[in-house]
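Here is the structure we will look at.
Remember, it's 1-based here, ligands and their atoms both numbered in the order they're listed.
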Amino acid sequence: MQGTMQHAFGNPSSTHWAGTPAYAIVDSARRQVAGLLGCKPAEVVFTSGGSESNNQVLKGIYFASQVPGSHIITTSIEHPAIVEPCRFLERLGARITWLPVDATACINPDDLIRSITADTTLISIMHANNETGTIQPIEECAQIAREHGIPFHTDAAQSVGKIPARVDDLGVDFLSIAGHKLYAPKGIGALYIREGTKLEPLIHGAGHELGRRAGTESALLTAALGQACELAQDLSAMARIRALRNQLWTGLKEGCGNRVVLNGHAGKCLPNTLNVSFAGHIGNEILAQIPELAASTGSACHSGRVELSPVLQAMGISPEVGAGAVRFSLGRTTTTEEIEEVIKMLIPLLGKRA
Ligand SMILES: Cc1ncc(COP(=O)(O)O)c(C=O)c1O
């Protein structure tokens with residue numbers, strides 16, 4: 001990014017001396033993103049992030065298909081960046097099916113098969129869930145979509161850079177990336193659009209991004225996303241991160257016994273995400289006592305009432321257990337000493353082993 005600021009401040013669309021270095025940076029970044037996803041550079045469109053990529057697919061298919069009352073299938077554990085555009089399209093006449101999940105936050109592909117109708121225009125299933133880390137059976141679902149001739153999208157904001165997410169291995173037609181989930185800055189993302197698939201642009205204007213997303217590209221931000229994708233090709237650090245996540249889980253389990261419960265799937269999960277419930281506690285009350293710990297809860301408190309996140313609700317978690325949910329996110333810089341420190345800070349707050 002520093003090099004781009006110094007040497008490539010022109011407009012990537014300009015063909016003069018100031019624009020050509022900026023174009024070269026955007027072009028190279030597109031190749032780096034395509035390299036990580038295993039697609040053609042022309043199939044990558046830069047966006048402002050995961051939300052825009054998701055909105056582009058959902059609304060772009062809806063407006064391109066022109067099927068009145070078209071049917072979209074998604075899941076009950078999606079990020080608001082899927083849920084809200086779906087609700088918006090519902091107000092315009094679309095019909096939405098929200099697939100249920102089991103107690104580990106995983107969907108059942110048989111439910112997908114049963115939900116498909118003649119007017120299904122899109123299936124959108126997240127690759128890995130942002131709250132629990134549970135990985136969905138995308139390959140199987142994408143195969144079902146293909147057999148029925150229905151375009152398939154996955155929101156891979158959480159998975160890209162942590163587990164392999166090559167578009168042909170997954171079998172998807174669209175895939176959303178959020179740059180800040182893989183160490184690029186906030187405000188940049190990308191959408192993979194399989195060659196030959198038709199989407200109405202979300203942002204109309206000049207012909208940037210081959211007419212798929214108007215607006216002068218930011219060479220600065222694309223350079224960062226490109227570099228992040230290049231670095232993310234090497235997932236060898238994820239084994240260490242998974243070991244640290246397991247160290248955290250084991251430490252909490254040893255300290256709290258049955259009073260700590262895992263929210264999510266024990267094996268089919270991201271290496272960096274651990275969501276646990278401390279029974280008999282309220283997540284944000286625990287975190288308020290450890291201000292040096294940056295973690296999230298799975299519930300919100302409204303006038304003394306605890307409301308579980310839609311994801312925990314969809315998993316069928318009881319309000320008593322869900323209220324004590326805390327989500328830990330680890331990263332490439334997390335150390336074993338930090339994990340030990342977190343365990344040491346948490347255990348005294350949580351009471352004795354049951
Ligand atoms: C699964 C998922 N999808 C979409 C988004 C939205 O991405 P952005 O904040 O880049 O718009 C996020 C961000 O947290 C996410 O976790």
Could you tell me whether [X] and ligand 1 have an N or O pair separated by under 3.5 Å?
| X | answer |
| --- | --- |
| Ala178 | no |
| Gln158 | yes |
| Lys181 | yes |
| Glu52 | no |

request  = Select one of side chain, backbone, both or neither to describe which atoms of Ala157 lie under 4.0 Å from any atom of ligand 1, heavy atoms only.
outcome  =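 For Ala157, only side-chain atoms sit under 4.0 Å from ligand 1.
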key: Proximity of Lys186 to ligand 1 by residue part, where a heavy atom lies under 4.0 Å   =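 Neither part.
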Considering only non-hydrogen protein atoms, determine which one is nearest to [atom] and report residue, atom name and distance to 0.1 Å.
| atom | result |
| --- | --- |
| atom 9 (O) of ligand 1 | His180 NE2, 3.1 Å |
| atom 15 (C) of ligand 1 | His79 CD2, 3.2 Å |
| atom 10 (O) of ligand 1 | Gly50 N, 2.9 Å |

Reported [atom1]-to-[atom2] distance for the pair [X] and [Y], which is rounded to 0.5 angstrom:
| X | Y | atom1 | atom2 | result |
| --- | --- | --- | --- | --- |
| Ile188 | Glu217 | CD1 | CD | 9.5 Å |
| Gln2 | His7 | CD | NE2 | 10.0 Å |
| Glu340 | Ile343 | CD | CD1 | 7.0 Å |

request  = Output yes when Asp110 and Arg114 qualify as a salt bridge under the 4.0 Å nitrogen-oxygen rule, no when they do not.
outcome  =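 Looking at Asp110 and Arg114, the cut-off is not met.
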Glu90 bridged to Arg87 by N-O distance under 4.0 Å =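 Salt bridge: no.
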query = With a 4.0 Å cut-off on heavy atoms, does Glu78 reach ligand 1?
reply =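 Heavy atoms of Glu78 never come under 4.0 Å of ligand 1.
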Numbering as shown, the atoms of ligand 1 that approach Ser51 to under 4.0 Å (heavy-atom distance) =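 Every atom of ligand 1 under 4.0 Å from some heavy atom of Ser51: 6 (C), 7 (O), 8 (P), 11 (O).
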request  = Share the residues that join Val57 in a hydrophobic cluster, the rule being Ile, Leu, Val, Met, Phe, Trp or Tyr side chains under 4.5 Å apart at the heavy-atom level.
outcome  =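 Members other than Val57 - counting any ILVMFWY side chain reachable under 4.5 Å - are Val45, Leu58, Ile61, Tyr62, Phe63, Ile72, Ile82, Val83, Phe88, Leu89, Leu92, Ile96, Trp98, Leu122, Phe174, Leu191, Ile193, Leu199.
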request  = Kindly check if the number of other-residue, nucleotide or ligand heavy atoms within 6.0 Å of OH (Tyr183) is above 12?
outcome  =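 Yes, enclosed.
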Which residues share a side chain to side chain donor-acceptor pair (under 3.5 Å) with Arg332, sequence neighbours left out =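 Arg332 satisfies side chain to side chain donor-acceptor pair (under 3.5 Å) with no residue once adjacent residues are dropped.
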ask   = Nearest to atom 4 (C) of ligand 1 by heavy atom, Asp155, Ile82, Ile177: which?
value =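 Answer by nearest heavy atom: Asp155.
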